[in-house]
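Labels below follow one simple rule: chain letters A, B, ... track the order of the sequence lines, proteins then strands, and each chain is numbered from 1.
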Amino acid sequence: MDDKFLKPYNPQETEERIYKLWKKSGFFNPDNLPKRHEEPFTVIMPPPNANGHLHAGHALFITIEDIITRFERMRGKKALWVPGADHAGFETQIVYERELEKQGRSRFGMDPKQLYDEIMVFTLENKKHMEAEVSAMGASCDWSREKFTLDENIVRETQKTFEQMYDDNLVYRGNRIINWCPKHQTSLSDVETEFVEKKDPFYYIKYGPFTIATARPETKFGDKYVVMHPDDKRYKDYKDGQKLEVNWINGKITATVIKDAAIDMSFGTGVMTITPWHDAIDFEVAERHNLEKDQIIDWRGKLLPIAGEFAGMKITEARPKIVEKLKENGLLVKIDDDYKHNVRVCYKCGTSIEPQIKAQWFVKMKPLAKLAIDAVESDKIKFIPENYKKIFLYWMEKTIDWNISRQIIWGIPIPAKLCEKCGHGFPDLKSKMNQCPKCGGSVTADIDTFDTWFSSGQWPYLALGYPNSDDFETYYPTDIMETGHDLIFRWVPRMVIFGLYRTKKIPFNTVYLHGLVNDAKGKKMSKSKENVINPLDLSKKYGTDALRIGLIVGNTPGTDLALSEDRIRGYKNFANKLWNIARFILSQEKPPNNKNKLDEELVNEFNTLAKDITRDMENCRFHIAAEKIYAYVWHRFADEIIEKSKPARPDDSGHSGGKQTVNRATLYYILENSLKLLHPFMPFVTEEIWSSFTKATNKQGNLLMIESWPFT
RNA sequence: GGGCGGUUAGCUCAGUUGGUUAGAGCGACUGUUUUACACACAGUAGGCCGGGGGUUCGAAUCCUCCACCGCUCACCA
């Protein structure tokens, strides 16, 4: 017996050594696997953001994907798991802005090149941490194929997709209303905003013969159109296009009556004035009737000269003063203090989104969504859990054009030129156009970058080196995309669309969505609540294997998990239990030879279980598989079978006990195959025991990692 | 307001297509230092499976209504 069994299992002393052993073997790279591994199996890792440390959600997805990969590898597949790192445009820039703040600096006014270079240094540093942490989780991914979203060829292909979509009339430049975050000074797509319920005063204001209602009086300076429903009998005397003299905030103006069916007659007074530059509905009304649009609020969220004496003020500062003036002028009818409404905010900082009109690049979604809908409806792409299919389709059906321009430096540049004269925009990947092809005017380079999801949406094929790569030919479409259910809108649909558009193939056969990892009480982890559990701390304290299986058992796909330290501690005990099982079996003087008899019933029982577990693994029911093998090893194998195998002791009355009822060969058989079944879940301790097992049975050589799965 | 999910032991959760006395981990309690393991073993307590109605020989599981919780989407100014 190995001396190592004299002490309890010690993960700290084992894990790094084992990981090096695996890495040195070369088997993370499917090219190096033995001949029996023929059929490719591919998982692309959702690239973690290279801007900080791993959190519990990362630990979960690494565990699940590693389980899948190790299982398929042992079953004889040519298993490839491609790791990656995401530059994470907007998110990383925000993280770095906080760093700057700490140093008393700000990105505004910084030389863009300088800022970009600094963020690159920061990102590459964090990328190293991230890689070390992924490794510490036991990830058997092929590091030789690791990709970064800013790798030269990935940037090039992302830009090519843009050009191709422009040529196919799927990308256009539009001067449209967009979501503007005044804090971060960039536009955002709809999925990058959230709604929060706010209670604000609701002001009823006199507008000529009408009373209008608004929560935002500060936007009303430029309101020169008053809109009502064409069927509203209360206002039947007013005709569409009719002009009225109106006494307004800063004096007399001429207002025009507009009739539009978008008005809800039952809300407020049934009349509203519109602010097309700063409101999506108003923008649409203005577009329909071809009305003028004036900007009231600047990009920093301050009032423009149109606001007269209030120009230059921030909205929050100006609002009470404006209300005061309305009151003085006798325009304020009443204030409703109990008005609740939903306000769109930036998903990162919670700042109220200020809609603005801006020229941006948009992806025309309808024809692309059609491709995705067809693929999912015909079940070419399968969802786990299944109900996400419906959610996916629901979102795809109603998707609107996607703004892909971001006013941030950290990202992939949009390779386009913009005409200074006519505003025409067009792709220019090689940057050789100096004149507008439409009007001959001079052009400047677009300084915006792509929405990060524009590039990460292309990840499955770009990570495989598309186009012109053997890997793409061999490993695409990938088998399974495993990611968090929170990315069902932000990421999954984009991957399906880009995959179908660019490669004409689905990017993956299955989407597996895991739930969020919450704290022990099921509450969302957040820094402000101080309930963040660092997975690496748990891994150090209880061992990575304990953390891994603790994240899996009882964790149904799509359902959030409450992670408690007690739970992980329990599985540390299990790792040690397994250790002691091995110690006991391997410590008996001689291993059985092949002629030793196996106990048929026990072997059958085990084989039935192994087949059952294999079925669970095939169907991604890892939570069930893990629990079954856990319960068997501890409560059946250790508590009953091994106990029965012990030579009975004489009882108190001097009679000898019953005879030994389990053959040692059976114990070896069950141990060997249990280690295999457990390996995907607990790779370190099983591999460590395996080396002793093979030594004891004179079958040294193979790593457990590439042993055959029982009953494939 | 729309959509989705949840409600099972003190806590956190399993329970594949309806099938015998409903399970696990943690926690609690009672014993046991027995020669693999006290990071252990033996055992105990604890649940009208959210509520009402229905389908069925049989329902935690299927249908329906209701309540509460969570998530998500949404242009009532």
- Message: Students often get this wrong, so: under 4.0 angstrom with heavy atoms, is A/Asp282 touching a base, only sugar-phosphate, or nothing?
- Response: nothing
- Kindly indicate whether the side chain of A/Lys572 and the base of B/C39 share any N or O donor-acceptor pair separated by less than 3.5 Å? yes
- Of the nucleotides B/C13, B/G2, B/G25, which one has an atom closest to the side chain of A/Ala562? B/C13
- Query: Taking atom C1' of B/C76 as reference, at what distance in whole Å does atom NZ of A/Lys199 sit?
  - Reply: 19 Å
- Could you state the interatomic distance from CD1 (A/Ile670) to CG (A/Leu675), rounded to the nearest 0.5 Å? 12.0 Å
- Task: Select from A/Thr193 and A/Gly270 the residue whose nearest nucleotide in RNA chain B is closer to the 5' end of that strand.
- Result: A/Thr193
- Query: In whole angstrom, what separates A/Asn387's CG from B/C71's P?
  - Reply: 17 Å
- For nucleotides B/C49 and B/C39, find the distance between their C1' atoms and express it as a whole number of Å. 33 Å
- Specify the residue among A/Tyr9 and A/Gly554 whose closest nucleotide of RNA chain B lies further upstream toward the 5′ end. A/Gly554
- Query: Counting any heavy atom closer than 4.0 Å, what does A/Glu284 reach on the DNA or RNA strands: base, sugar-phosphate only, or nothing?
  - Reply: nothing
- For B/G25, which nucleotide in any strand shown is its Watson-Crick or wobble partner with both distances under 3.5 Å? B/C11
- Task: Ignoring backbone atoms, test whether A/His623 places a side-chain nitrogen or oxygen under 4.0 Å from the OP1 or OP2 oxygen of B/U16.
- Result: no
- Message: Under 4.0 Å from OP1 or OP2 of B/G25: is there any side-chain N or O of A/His635 that close?
- Response: yes
- Are A/Lys389 and A/Glu377 within salt-bridge range, i.e. N to O under 4.0 Å? no
- Looking at A/Arg621 and A/Asp616, does any basic side-chain N land under 4.0 Å from a carboxylate oxygen? yes
- Item | Value in whole Å for how far the C1' atom of B/A36 lies from CZ of A/Arg583 | 6 Å
- Does A/Arg234 come within less than 4.0 Å of A/Asp232, counting only side-chain N to carboxylate O? yes
- Query: Heavy atoms under 4.0 Å, any strand shown: does A/Arg344 hit a base, just sugar-phosphate, or nothing?
  - Reply: sugar-phosphate
- Message: From the set B/A74, B/A77, B/C26, return the single nucleotide nearest to any side-chain atom of A/Asn342.
- Response: B/A74
- Message: With a cut-off of less than 4.0 Å, is there a side-chain N or O of A/Trp634 near OP1 or OP2 of B/A40?
- Response: no
- Message: When both hydrogen-bonding distances must be under 3.5 Å and the geometry is Watson-Crick or G-U wobble, what is B/C68 paired with, if anything?
- Response: B/G6
- Query: With respect to the side chain of A/Asn576, which nucleotide from B/C39, B/A77, B/G2 is positioned closest?
  - Reply: B/C39
- Task: Please report, rounded to the nearest Å, how far the C1' atom of B/U72 is from the CZ atom of A/Arg490.
- Result: 11 Å
- To the side chain of A/Phe584, which of B/A36, B/G27, B/C4 is closest? B/A36
- Atom-to-atom span, CD1 of A/Ile629 to P of B/A14 - whole angstrom: 21 Å
- Query: Any Lys/Arg nitrogen of A/Lys572 or A/Glu565 sitting under 4.0 Å from an Asp/Glu carboxylate oxygen of the other?
  - Reply: no
- Message: It should be established whether A/Lys646 places a side-chain nitrogen or oxygen under 4.0 Å from OP1 or OP2 of nucleotide B/A36.
- Response: yes
- Phosphate oxygens OP1/OP2 of B/C71: is one of them under 4.0 Å from a side-chain N or O of A/His485? no
- Item | NZ/NE/NH1/NH2 to OD/OE distance under 4.0 Å, A/Asp519 and A/Lys524 | no
- Message: Just the rounded figure in Å: distance from P of B/A74 to NZ of A/Lys398.
- Response: 5 Å
- Query: Heavy atoms under 4.0 Å, any strand shown: does A/Thr556 hit a base, just sugar-phosphate, or nothing?
  - Reply: sugar-phosphate
- Query: Considering every strand shown, what is the Watson-Crick or G-U wobble mate of B/A40 when both distances are under 3.5 Å?
  - Reply: B/U32
- Task: Mind checking A/Thr275 for me? I need base, sugar-phosphate or nothing, with any heavy atom below 4.0 Å counting as a touch.
- Result: nothing
- With sugar-phosphate meaning primed atoms plus P, OP1 and OP2, does A/Ile581 contact a base, only sugar-phosphate, or nothing at under 4.0 Å between heavy atoms? base
- Which nucleotide in B/C73, B/A77, B/U16 has an atom nearest any side-chain atom of A/Tyr339: B/A77
- Query: For A/Leu551 and B/A14, what is the distance between atoms CG and P respectively, to the nearest whole Å?
  - Reply: 14 Å
- Sugar-phosphate only, base, or nothing, as touched by A/Asp264 at under 4.0 Å among non-hydrogen atoms: base
- Query: Using the P atom in both, what is the distance from B/C69 to B/U8, to the nearest Å?
  - Reply: 15 Å
- Message: Regarding A/Phe195, tell me which of base, sugar-phosphate or nothing describes its non-hydrogen contacts under 4.0 Å with the strands shown.
- Response: base
- Among the candidates B/A77, B/C75, B/G27, find the nucleotide nearest to the side-chain atoms of A/Phe267. B/A77
- Do A/Asp190 and A/Arg344 meet the salt-bridge criterion of a basic N to acidic O distance under 4.0 Å? yes
- Which part of the nucleic acid does A/Phe489 contact within heavy-atom distance under 4.0 Å: base, sugar-phosphate only, or nothing? sugar-phosphate
- Message: How many whole angstroms separate atom CD of A/Gln588 from atom C1' of B/A36?
- Response: 9 Å
- Query: When all nucleic acid strands are considered with a 4.0 Å heavy-atom cut-off, which category describes A/Tyr203: base, sugar-phosphate, or nothing?
  - Reply: nothing
- Tell me what A/Ala520 touches on the nucleic acid: a base, only sugar-phosphate, or nothing, going by heavy atoms under 4.0 Å. sugar-phosphate
- Message: Check for me whether the distance between the ring centres of A/Phe606 and A/Phe637 falls short of 6.0 Å.
- Response: no
- What's the verdict on ring-ring contact (aromatic ring centres under 6.0 Å, His included) for A/Tyr339 and A/Phe202, showing C-alpha distance, side-chain angles and the deciding distance? CA-CA 6 Å; A/Tyr339 176 67; A/Phe202 197 50; 3.9 Å; yes
- Query: Which is true for A/Ile263 with a 4.0 Å heavy-atom rule: it touches a base, it touches only sugar-phosphate, or it touches nothing?
  - Reply: base
- Task: Ignoring backbone atoms, establish whether A/Asn580 has a side-chain N or O less than 4.0 Å from OP1 or OP2 of B/A40.
- Result: no
- Message: Less than 4.0 angstrom between a side-chain N/O of A/Lys577 and OP1 or OP2 of B/C39, yes or no?
- Response: no
- Item | Watson-Crick or G-U wobble mate for B/U17, both contacts under 3.5 Å | none
- So does A/Glu643 reach the base of B/A36 with its side chain, donor to acceptor, closer than 3.5 Å? yes
- Go through B/A14, B/A77, B/C41 for me and flag the one nearest to the A/Glu627 side chain. B/A14
